[in-house]
Amino acid sequence: MQTIKQLGFLLMFLPMCLFAQDSVEGTITGEDGGAIPGVNIIIKNTNKGTTTDFDGNYAIVVEQNQVLVFTYLGFKSQEITYTGQSEIDVIMKEDASILEEVLVIGYGTAKKEDLTGAVDMVSSEDFNKGPINSAQELITGKVAGVNVTSASGAPGDGQTITIRGLGSLSLENQPLYVIDGIPIDNGGVGGSRNPLNIINPNDIESMTVLKDASATAIYGSRAANGVIQITTKKGKDTKEFRYDVSLKRTVRSKLETVDVMTASEFRNLVNNVGTPDQIGRLGDASTDWQEQIYKEQATGEEFNMSALGNAFGFMPMRASIGYTNQDGILRGDNFKRFTGGLNLTPRFFDDQLKVTLNVRGSYVENIFANRDAIGSAVNFDPTQPIYDSNSPFGGYFAWIDPQTGAQRSLADTNPVALLNLVDDHSEVRRVITNLQADYDLTEHVKATVNVGYDESNSHGRTITSDQMPTDDQVGGLRNGARTTFQQTQKNQLFDAYLTYDNTFEDVHSLTAVAGYSYQKFEYDNYSFDSEKEEQGNTAEFIDRSRNVLLSYFGRANYSYDSRYLLTASLRADASSKLNPDDRWGYFPSFSAAWNIHNESFMDESDFFNVLKLRSGYGQVGNVNGLGDYNFLTRYTSSQSTANYQIGNSFYQTYRPEPYNEDLKWEVGSTINVGLDYSILDEKVSGSINAYIKKTEDLIAFTLVDPFTNFGNKIDKNIGDMENKGIEFAINYKAIDTDDWSWNLGYNVSFNDNKITNLPDEQNVGGISGGTGNNIQLHREGETPYSYYVYEQVYDSNGSPIEGVYVDRNNDGVINDDDRYIKENPYADVLMGFNTNLSYKNWDLSVQSRVSLGNYAYNNVASANSYERKATENQMLSNLHSNYFNTGFKNITQRGLLSDYHIQDASFFRIDNVTLGYNFNSVSGNTQFRVYGSVQNLLTVTDYDGIDPEISGGIDNNFYPRPRTFVLGLNVDL
């Protein structure tokens with residue numbers, strides 16, 4: 001009886017137990033709204049769990065107050081307590097720290113933990129904000145050892161990037177850009193402001209910088225100056241399409257102009273030093289010519305839209321369009337760009353075959369304002385009016401020779417006329433596409449074929465009005481001028497390689513890549529010049545060329561227990577630019593790393609999360625920028641004025657160009673030692689690198705013995721160079737709470753660049769103010785492009801004494817032997833600092849940079865601050881205000897080459913400040929973000945010119961960088 005009662009009690013209790021175990025279901029999506037299959041859902045502290053299906057759905061039996069843990073690779077884990085809900089839907093948030101662990105490297109990807117070389121990645125979350133027109137601007141100041149300098153303040157202009165200093169004297173010093181696996185030509189076609197204008201910055205997912213030779217050697221000959229891998233955003237397998245729309249309105253504001261005399265100051269000068277005839281040339285106007293050529297404000301707008309989702313149920317895709325229209329502060333300057341992109345990533349045969357199709361196109365319209373107006377506005381007499389009713393040149397004031405009626409020889413042309421009477425347009429079309437197929441031959445072997453095609457074509461014309469002031473013809477009038485050009489550039493790529501990836505006995509991991517690459521570049525250039533036709537010269541110019549690079553490459557990565565890492569690579573390149581005997585170059589690399597944090601003795605350490613020691617050695621080559629087939633004798637046609645007469649007929653002749661059949665590779669060898677670290681639960685992280693890079697067989701344009709060639713100068717392997725440096729980067733997560741987030745990043749790099757072998761010194765760095773003057777020098781033992789000057793003598797008040805220089809060799813004569821090396825244009829120390837602060841829906845980001853030890857030659861002051869210039873050549877010309885400091889009367893070659901004009905151009909610059917607000921979901925999953933941004937907010941420097949950041953170090957006719965204000969809106973729906 002007792003047993004029956006117990007059984008009855010159990011039967012009554014059983015339903016209560018079953019009732020306490022409920023079933024809960026839900027859907028797991030990403031922040032973009034797309035379903036995420038394969039998410040793990042585990043009941044905490046148990047081994048019970050499930051995963052989401054293809055549509056992101058799940059169901060699980062759970063008890064009251066149990067905790068569900070949701071985890072998926074690349075996303076932050078989430079914990080939710082069950083309190084009786086029938087549905088629990090979860091939006092998974094991407095974990096940036098995990099995503100950053102996988103980097104795109106040459107011919108594959110790698111986890112950051114497994115890397116042995118010096119590699120840095122900047123993702124879209126960390127890109128610079130604000131008015132970004134080109135890809136290079138996204139990483140300015142973000143990576144230690146990478147210096148990004150904009151060419152000018154013109155919209156859409158390119159940037160000069162150097163990684164760890166200069167690697168060549170005459171060839172390219174820019175890194176190799178690889179866009180979605182396609183190495184591109186950095187040159188671009190005529191009429192293109194920037195070869196990277198093909199890419200809409202909004203379409204870029206990440207930029208990976210390969211800095212040392214152990215990381216770049218897999219790219220061989222083109223990687224001498226580093227590699228920047230650009231990865232664009234890809235499609236995702238989402239349940240619903242997501243759309244992103246962004247709008248920007250920009251206003252560019254003029255900042256500095258060259259400090260010249262005002263009209264009253266100039267009038268006083270001429271009245272004091274001029275003859276009655278010269279004084280009589282003074283006008284009654286008061287014209288600020290720089291005010292006339294620059295806009296106070298230049299406006300622009302930008303529109304971008306992208307769609308991301310799963311097309312037809314099996315085709316992850318992303319499509320985007322973009323439009324940018326930006327005026328420059330120089331009147332008439334305009335940059336207009338249309339971009340479109342498509343990415344498809346379908347998979348076939350149970351995911352054995354992955355196909356990636358990238359198509360990217362751009363159409364750019366450029367209106368180039370005549371930059372000659374910049375120099376003319378500095379020089380032109382401020383007492384003269386813009387217009388003169390008596391002028392035969394369209395009513396524009398001009399200095400007219402009464403004998404000929406033409407503009408006086410050597411006279412500056414009216415700056416406003418230069419802007420209004422020259423029409424310079426170009427249209428540039430470009431498409432880059434590649435199709436990559438990855439097929440799993442076996443569980444561990446994958447075959448990859450990548451076919452790429454990159455074509456650019458441009459059309460341009462410069463039309464000069466017949467009203468333009470000129471000294472070309474008697475009577476002062478001409479028919480105007482028209483120059484046109486058409487250029488086409490093609491880049492064709494074929495890569496095929498095998499990848500082996502396997503892990504043995506859980507501790508041995510091996511990844512090996514072996515492949516073949518073929519790349520061909522073709523150029524077809526045509527131009528026509530009506531002025532040459534009028535002069536009886538050949539008006540047409542036709543230039544067609546082609547060069548080919550044939551390569552074999554291999555790389556092996558070995559890891560033992562994720563502690564000891566080894567990498568070795570070898571690339572063999574054959575370039576058609578070199579003679580058959582020296583055509584092949586072999587570029588090996590070896591590197592090793594030790595993940596100290598994975599050692600057993602670190603298990604008890606709560607301080608280090610990551611501690612990795614790296615070292616490597618590698619070689620890379622360089623022929624980038626070398627002309628095609630310089631080892632062969634090439635012929636150039638003569639001008640029509642140099643035709644050969646036979647009887648009454650004239651025949652065009654052809655002359656041979658200088659050649660060098662012994663040209664061979666420039667070869668750079670780099671040793672790198674590095675340390676990666678992360679401490680205090682990843683609160684602090686960063687890296688330290690030290691390197692020595694030696695470049696041998698530098699190619700330079702140098703003199704040869706007379707009668708040994710068809711000219712006295714040729715490209716020749718004649719020198720060696722060395723770069724030594726240290727880089728340090730640190731990132732600090734100062735605050736990370738539900739409401740507050742504050743991250744800070746800082747990097748600093750030190751670089752010492754010296755020419756270690758150069759038999760022949762080379763004068764470079766041409767300057768204005770005289771004929772044939774060079775201010776820079778390549779000399780053994782010195783930094784390339786060092787300033788080569790006379791030492792100025794000063795009086796007791798610290799003012800320079802005109803024409804007096806130090807006799808440095810004490811021979812009683814001042815000549816070239818007294819010139820000396822004083823500084824160079826390149827910074828000894830570069831720093832970048834960025835901070836990102838957010839509070840609830842607000843976010844603030846600031847990017848800034850410091851450059852120390854860079855010097856500039858103020859050519860604007862040196863060529864325009866001597867008294868005689870004001871009244872010479874039977875006209876009047878304005879002076880730079882530096883005249884008030886020197887009182888110099890005359891211009892001389894030694895005066896131009898005085899060290900007085902070499903100035904410290906170190907600077908601190910706040911590049912960008914952005915403040916934004918994110919609105920909570922307004923309708924469904926629609927999200928809004930409104931932000932304002934200021935670019936080029938502040939520059940602190942002792943340099944006297946308008947901008948201390950001058951590429952190449954010679955400040956002359958520089959297009960000023962504006963301050964830019966942006967108001968933007970992002971909509972994600």
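As the structure is a computational prediction, the values presented were derived from the model and not from experiment. No hydrogens, no waters, no symmetry mates; every other heavy atom, side chains included, goes into these values.
The backbone N or O of A905 lies less than 3.5 Å from a partner atom in the side chain of N854, making a donor-acceptor pair. With D681 contributing its side chain and K683 its backbone, the two residues share no donor-acceptor pair below 3.5 Å. Judged by distance alone, the side chain of R849 and the main-chain N or O of G832 form no donor-acceptor pair under 3.5 Å. Under the 3.5 Å distance criterion, the side-chain polar atoms of N757 are left unmatched by any main-chain donor or acceptor of E780. Looking at S951, its side chain never comes within 3.5 Å of a backbone N or O of A151 through a donor-acceptor pair. A side-chain donor-acceptor contact under 3.5 Å links Q762 to the backbone of F701. Side-chain atoms of E727 never come within 3.5 Å of backbone atoms of N689 as a donor-acceptor pair (strictly under, hydrogens ignored). Proximity of a side-chain donor or acceptor of D720 to a complementary backbone N or O of D697 within less than 3.5 Å is detected. Remark: the backbone N or O of G853 is paired with a side-chain donor or acceptor of S906 at under 3.5 angstrom. Distance alone, capped at 3.5 Å, is enough to place a donor-acceptor pair between the N173 side chain and the S168 backbone.
Atom CD of E137 is separated from atom CG of N128 by 8.5 Å, given to the nearest 0.5 angstrom. Separating the NZ atom in K112 from the OG1 atom in T208 is a distance of 10.0 Å, to the nearest 0.5 Å. Atom CD of residue E113 and atom CG of residue N598 lie 5.0 Å apart, to the nearest 0.5 angstrom. To the nearest 0.5 angstrom, R614 atom CZ is 7.5 Å from L675 atom CG. Taking CG of D212 as the reference point, atom CD1 of I692 lies at 13.0 Å (rounded to 0.5 Å). For the atom pair CD1 (I699) and CG (L169), the distance works out to 10.5 Å, reported to the nearest 0.5 Å.
Take H778 and apply the ring pair (Phe, Tyr, Trp, His ring centres under 6.0 Å) test, not counting sequence neighbours, and it matches Y785. Evaluation of the ring pair (Phe, Tyr, Trp, His ring centres under 6.0 Å) rule for F958 yields no partner, not counting sequence neighbours. In this structure T941 satisfies the side-chain contact (heavy atoms from CB on, under 4.5 Å) test together with F907, T939, Y943, P948, sequence neighbours excluded.
The local environment of NZ in K822 is crowded, with over 12 non-hydrogen atoms from other residues, nucleotides or ligands closer than 6.0 Å. For K716, the NZ atom counts as loosely surrounded, since its 6.0 Å shell holds 12 or fewer non-hydrogen atoms of other residues, nucleotides or ligands. Shown here is D816, whose CG atom has more than 12 heavy atoms of other residues, nucleotides or ligands within 6.0 Å. More than 12 heavy atoms of other residues, nucleotides or ligands sit less than 6.0 Å from atom NZ of K754.
By the 4.5 Å heavy-atom criterion applied to side chains, N557 and D114 are not counted as neighbours. Contact annotation: the side chain of S575 never approaches that of D573 to less than 4.5 Å [non-hydrogen atoms, C-beta and beyond]. Taking 4.5 Å as the limit, every side-chain heavy atom of E256 sits out of range of all side-chain heavy atoms of P960. Between V789 and I775 the shortest side-chain heavy-atom distance falls below 4.5 Å. Residues E696 and W665 fail the side-chain proximity criterion, which asks for heavy atoms closer than 4.5 Å. The shortest distance between side-chain heavy atoms of T695 and K693 falls below 4.5 Å. Taking the side chain as every heavy atom from C-beta outward, L744 and W742 approach each other to under 4.5 Å. At least one side-chain heavy atom of I161 sits under 4.5 Å from a side-chain heavy atom of I228.
The two residues A213 and T670 have their closest heavy-atom pair at CB-CB, 3.8 Å. Smallest separation of non-hydrogen atoms from A217 and Q619: CB-O, 3.7 Å. Among all heavy-atom pairs drawn from F590 and A568, the shortest one is CD2-CB, 4.1 Å. The shortest heavy-atom contact between R222 and P183 is NH1-CB, 3.4 Å. When every heavy atom of S559 is checked against every heavy atom of L565, the shortest pair comes out as OG-CD2, 3.3 Å. Residue G141 comes nearest to N747 through the heavy atom pair O-ND2, 3.0 Å, listed as atom of the first residue, atom of the second, then distance.
Side-chain atoms of S589 and S569 form a donor-acceptor pair, as typed in the model, at a separation below 3.5 Å. Between the side chains of N194 and Q136, at least one donor N or O sits under 3.5 Å from an acceptor N or O. Between the side chains of S898 and Y805, no donor N or O sits under 3.5 Å from an acceptor N or O. For the 3.5 Å distance criterion, the side chains of N859 and S768 qualify, holding a donor opposite an acceptor. Donor-acceptor pairing under 3.5 Å is recorded for the side chains of S933 and T914. Counted by atom type alone, S851 and E949 present zero donor-acceptor pairs between their side chains at under 3.5 Å. For the 3.5 Å distance criterion, the side chains of N751 and N723 qualify, holding a donor opposite an acceptor.
Of the options Y857, Y788, Y820, Y790, a side chain to side chain donor-acceptor pair (under 3.5 Å) to D899 is made by Y820 and by none of the others.
Aromatic ring orientation, W594 versus F601: perpendicular (interplanar angle above 60°, classes split at 30° and 60°). Ring planes of F553 and Y107: parallel class, angle under 30° (limits at 30 and 60°).
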K612 and L115: CA distance, side-chain angles, deciding distance, side chain to side chain contact (heavy atoms under 4.5 Å, CB included) verdict: CA-CA 10 Å; K612 176 164 68 173; L115 291 174; 4.3 Å; yes
Test side chain to side chain contact (heavy atoms under 4.5 Å, CB included) on F608 and I596; report intermediate values, then the result. CA-CA 9 Å; F608 284 103; I596 304 173; over 6 Å; no
With side chain to side chain contact (heavy atoms under 4.5 Å, CB included) as the criterion, how do I954 and Q776 come out once you've worked through the C-alpha distance, each side chain's angles and the decisive distance to 0.1 Å? CA-CA 9 Å; I954 298 177; Q776 293 171 325; 3.9 Å; yes
Check the pair S124 / I204 against side chain to side chain contact (heavy atoms under 4.5 Å, CB included), numbers first and verdict last. CA-CA 7 Å; S124 56; I204 298 177; over 6 Å; no
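A salt bridge links E761 with R779: the closest approach of a Lys/Arg side-chain nitrogen to an acidic carboxylate oxygen falls below 4.0 angstrom. Between D947 and R909, at least one side-chain nitrogen of the basic residue sits less than 4.0 Å from a carboxylate oxygen of the acidic one, meeting the salt-bridge criterion.
By the 6.0 Å and 45° rule, R164 stacks over the aromatic ring of Y691.
Taking the ring centroids of Y787 and Y855, they lie at or beyond the 6.0 Å cut-off.
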